Amino acid sequence: MTTEAPRIAELDDPAGNLEALVRTRAGTDGGEYTIWWTGDVYSQVPGADTRRLFGFVGFNVARAVAVEGGYDLLTREAAFYLDPVTREILETWHNPFTDEDVDVLHVWNDPVNQRFRLQSPYGPWHAPYTDLGETVAFNLDIPISAPSALPVAEWPKNSADDVYRAVELFQFYAPRAELLDPAIASVRCDVSWMRLSAWLPWMEMAQRPGSLVFHCRGAKLDAYDDLPSGVRAYVEKNHPEYAHAPEEFTAPNETSWTYFKKMRKPA
């Protein structure tokens, strides 16, 4: 007897699975697609109650480009920390742990590119999925452990560790009927995202014990212009290029940690 959900033959085939994820995440027609999310960020400190620290809203603009053996997913993304009550975009934040005011550094990640290939050093392509009946969920759990861009010796107020450790937990929900119709270049998609990570560098938490939990939900929009007006206005004022996906594949990807290193100096 099995405890697993039913399998879908089209999604157990590597080529079918890859095409389905591309159509969920963006589209196979080379067009631009915007995924938007909103939620909150919480602190977890040993021996202390969980706190909601900020609201969070963001988006990713993507274009999937067909290449030999698969696709390049070309994206850039922005996200903004919000007052947890008014949901206004923050520029400064009063840190309740240190009782100091700090300057907020929002997320401006360009690029955030990925290579989707039918064959890789890890074997044939396969994105995990769960058949929920009328909906299929691609569940992508991504543990991360890598040398930090901000070594503690150089960034004592901004870095928790010389190793950046996090877990990114994505779920992309697509209508089963659309997903199994290859004539539909881009399928509707709802999104759930969680991240467990260290304190953000701009919080100036040094090596205090604790971590952050990001909890968000969102959807693929019909167009970039369907983003909340306050988000679009902030992008237009600060980085209007984020309204579009990149034109070509570049590396390495930007992260909150590497962007902080570019924008700030050690305390």
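Heads up: numbering here begins at 1 and tracks the sequence. The structure displayed is predicted, hence computed values, not measured ones.
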- request: Using a strict cut-off of less than 4.0 Å between a Lys/Arg side-chain nitrogen and an Asp/Glu carboxylate oxygen, indicate whether Arg165 and Asp161 qualify as a salt bridge.
  value: yes

query: Tell me, which pairs form a side chain to side chain donor-acceptor pair (under 3.5 Å) where one or both residues lie in residues 215-228, sequence neighbours left out?
result: Ser186-Lys220

Qualifying residue for ring pair (Phe, Tyr, Trp, His ring centres under 6.0 Å) with Trp199, from Trp155, Phe97, Tyr164: Phe97

- prompt: Where the side chain of Trp193 meets the backbone of Phe170, is there a donor-acceptor pair that is under 3.5 Å apart?
  reply: no

message: Is it the case that over 12 heavy atoms from other parts of the model lie below 6.0 angstrom from the CZ atom of Arg188?
response: no

Results of side chain to side chain donor-acceptor pair (under 3.5 Å) for [X] - residues two or more places apart only:
X      : result
Lys262 : Glu254
Arg208 : none
Tyr234 : Glu91
Glu236 : none

Sequence-distant partners of [X], salt bridge (charged side-chain N to carboxylate O under 4.0 Å, His left out), two or more places apart:
X      : result
Glu168 : Arg195
Asp110 : Arg76
Arg51  : none
Glu19  : none

- prompt: Sequence neighbours excluded, which residues qualify as side-chain contact (heavy atoms from CB on, under 4.5 Å) partners of Arg176?
  reply: Ile8, Asp131, Val136, Leu180

- prompt: Which residues, ordered by chain and number, are linked to Leu132 in its hydrophobic cluster, where ILVMFWY side chains connect at heavy-atom gaps below 4.5 Å, directly or through other members?
  reply: Tyr173

Donor-acceptor pairs under 3.5 angstrom involving side-chain atoms of residues 23-31: please list them, not counting sequence neighbours.
from, atom 1, to, atom 2, distance (Å)
Arg23, NE, Ile184, O, 2.7
Arg23, NH1, Leu179, O, 2.9
Arg23, NH2, Glu178, O, 2.8
Arg23, NH2, Leu179, O, 3.3
Arg23, NH2, Asp181, O, 2.7
Arg23, NH2, Ile184, O, 3.3
Thr24, OG1, Ala20, O, 2.8
Arg25, NH2, Asn60, OD1, 2.8
Asp29, OD1, Gly31, N, 3.1
Asp29, OD1, Tyr33, OH, 3.1
Asp29, OD2, Tyr33, OH, 2.8

